[in-house]
Amino acid sequence: MRTHTCGELRSSDVNSDATVCGWVNTFRDQGKGLVFIDIRDRTGLTQAVFDQEDCEAEVMELARSLRREDVVQIGGRVDPREGGKNPKLDTGEIEIRGTALKVFSRSNNPPILPDDHEASKIAEDVRLRHRYIDLRRPTMQRTLQMRHDLSTLTREYFHNLGFLEVETPLLIKSTPEGARDFIVPSRVYPGKWYALPQSPQIFKQILMIAGCDRYMQICKCLRDEDPRADRQAEFTQIDLEMSFVDRDEIIKIMTGFVRRVFKQLLGLDLGQIPKIPWQLALDKWGADRPDMRFELHLQDISEIVAKTDFKVFQSALAKDRGVVKAIRIPQSADKLSRKIIDQLQETAKLHGAGGLPWTKVTENGFEGGIAKFIEGVTDELSAALEVEPGDTILMGCDEWLKACESLGQVRLHAARHLELIDTTAWKALWVVDFPMFRWSEDKQRWLSEHHPFTAPIPEDIHKLESDPGAVVSAGYDIILNGSEIGGGSIRIHDTEVQNTVFRVLGLEEEDMREKFGFLLDALSQGAPPHGGVAFGLDRLVMLLMSTDNIRDVIAFPKTQNGADLMTEAPGPVDDEQLDELKVQCTEPVATE
RNA sequence: GGGGCGGUAGCUCAAUUGGUUAGAGUACCGGCCUGUCGAGCCGGUGGUUGCGGGUUCGAGUCCCGUCCGCCUCGCCA
């Protein structure tokens, strides 16, 4: 049907005959006898020209009738461009002198045009509603290509290392812990339900117990939680698991993978990827996924300000693990207006802090904000923070974790405002030594920091029940530019340890059997030491394509209400379908 | 579930204090034009101002409710 794609003709093809197929990108009708058609496919754009000197009258007439997004086949001789080259196009040195034209189909007046320049202006819901046009845009095509390249590279990389690709089921059993499940009613067992997998976690562990040794899968995961700019309810993971490995062996292989991805797809060398303990990440950057593209480290000033009688500091320090932390923002006093500081204060409060004590450094010491409360320790504080006139000092004081996290958020927002983030930099790291559990005030029980199958480090196993909060897990996350792109852990391969963890999480013996009996059975039938990782494929593509919108890297994404605007899912079903499933609605279906 | 922003022609936007027939660009339709490439020039079609109430002599504009989209908190082991 075609001899060439729309992106490949060059001056070396001049004088040969070519036939291309694609969409009419634009038309420029110069009058009865001359019309230019830019024809587009996935690979690019080629100009065709129909001149009445060359072609028959019917062809000429048909060419003049072409409109944007009509689908056509154009045949003719490849010529150097008569009217001058177009340096903006890869095919800009040539044109096809059209002599044959076939219209495959006509397009109604397109609601949007597949034009990258226009796309940023068009409301996203319109793009989603007409996704088949939006996806025609060069950027979207490049994104689909990038996603494909990443998947291909992933399979190749891991298959070469002996990983076996195994599919795991989509209709599975609902398990407690973690996100809300999407559930599917069973027709055969009325009143019983399948869940869609939040991840293949348990299956990949069972594959290890089954002797699979190394498993990989690019799989869909589903979590019925509200989406965000970088999060969809339905997303894709690169899922991996290995037997007979320790943490550092896994990290080594995965580091190789990530470096290969960025080397091969962007030509970037991420270099060595350091391992940072969780506690240090929070202490220094105020986040468990630190963005290390800029400095602004958090510093502990508890000991110094303890000497003041500032009530705010004193009451924070009186708390269990209470601290006062500070960040020094060099030469920012004139850029951080009162209004901006107020905004940063809101950020701090939003993330749990009571406020954001601040002061500025002048030739005369600290001025503004809480300056008068720290007069007594001016010299000591100045020396510790190595301040210079023009600096701004922002502080956080609370229980350690809250103080670090809220000030960490302030750090990010301040850096964005002051444009301190080197957007050309690529900073990756592994965060390791997470705590095993996190106390939930809400639920009044321990929650898994990672998931309930994560192993504690061996030397902490004895503390599981006596001091859960102090147990360090064998988990690890990989962070790139402040974004979590993957994470995993060494898993528990011992039934007793797994039982103990379930107990700490507040699962009753009976519950355990009911919910996880099959896993406990499997663990008791010879389980190898094993561990693995899951990478967020969507987030990797976001980084590779430099977008902060996850919907831009998914062909058919959903909105914040979980709707697909193109197909209008979710939709109603027939009463017969519900009857068959023995399912009833307690609320009438909302109408518009 | 909470907070913020938004919804006017197919698309992007405008419309004074509540006041005449809701405008412009673009797309689309028609005409002109033989070297354009974000083509150009002339003319034209196109509107339930998201939806439903209310206030008013009069509502795109004010009030109430509701739906939808985006950002965000909660949530996301």
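Chain letters run A, B, ... following the sequence lines, proteins first, then strands; residues in each count from 1. Heavy-atom basis, side chains included; hydrogens, waters and symmetry copies ignored.
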Item to check | Euclidean distance for P, rC64(B) against rG44(B) (whole angstrom) | outcome: 43 Å
Next on the checklist: Over all strands shown, is R97(A) touching base, sugar-phosphate only, or nothing at heavy-atom distances under 4.0 angstrom?
Outcome noted: base
Item to check | Residues forming a side-chain contact (heavy atoms from CB on, under 4.5 Å) with Q198(A), sequence neighbours excluded | outcome: A179(A), D181(A), R223(A)
Checklist entry - Going by distance alone, is a donor N or O of one side chain under 3.5 Å from an acceptor N or O of the other, for D54(A) and T99(A)? => result no
Next on the checklist: Regarding G84(A), tell me which of base, sugar-phosphate or nothing describes its non-hydrogen contacts under 4.0 Å with the strands shown.
Outcome noted: base
Checklist entry - Can you tell which of rG30(B), rU34(B), rC71(B) lies closest to the side chain of R67(A)? => result rG30(B)
Item to check | Proximity to RNA chain B (any heavy atom under 4.0 Å), residues of residues 545-567 of chain A only | outcome: R551(A), T559(A), Q560(A), N561(A), A563(A), L565(A)
Next on the checklist: What's T454(A) touching, base or sugar-phosphate or nothing? Going by heavy atoms closer than 4.0 Å.
Outcome noted: nothing
Item to check | Annotated protein contacts, base or backbone, on nucleotides 22-27 of chain B with a non-hydrogen cut-off under 4.0 Å, one of B, S, - each | outcome: -----B
Next on the checklist: Starting the side chain at C-beta, find the nucleotide from rC73(B), rG74(B), rC37(B) nearest to D226(A).
Outcome noted: rG74(B)
Next on the checklist: Under 4.0 Å, counting only non-hydrogen atoms across every strand here, what does A123(A) touch: a base, just sugar-phosphate, or nothing?
Outcome noted: sugar-phosphate
Next on the checklist: Any donor-acceptor pair under 3.5 Å linking the side-chain atoms of T5(A) with those of D41(A)?
Outcome noted: no
Next on the checklist: Classify D115(A) by what it touches in the nucleic acid, base, sugar-phosphate, or nothing, heavy-atom distance under 4.0 Å.
Outcome noted: nothing
Checklist entry - Which part of the nucleic acid, if any, lies within reach of L447(A) when heavy atoms closer than 4.0 Å are counted: base, sugar-phosphate only, or nothing? => result nothing
Next on the checklist: Is there a ring pair (Phe, Tyr, Trp, His ring centres under 6.0 Å) between F27(A) and F50(A)? Walk through the geometry before answering.
Outcome noted: CA-CA 11 Å; F27(A) 63 94; F50(A) 289 90; over 10 Å; no
Next on the checklist: Just the rounded figure in Å: distance from C1' of rU34(B) to CG of L34(A).
Outcome noted: 5 Å
Checklist entry - Taking N and O atoms by type only, does the side chain of R81(A) place a donor or acceptor under 3.5 Å from a partner on the base of rC37(B)? => result yes
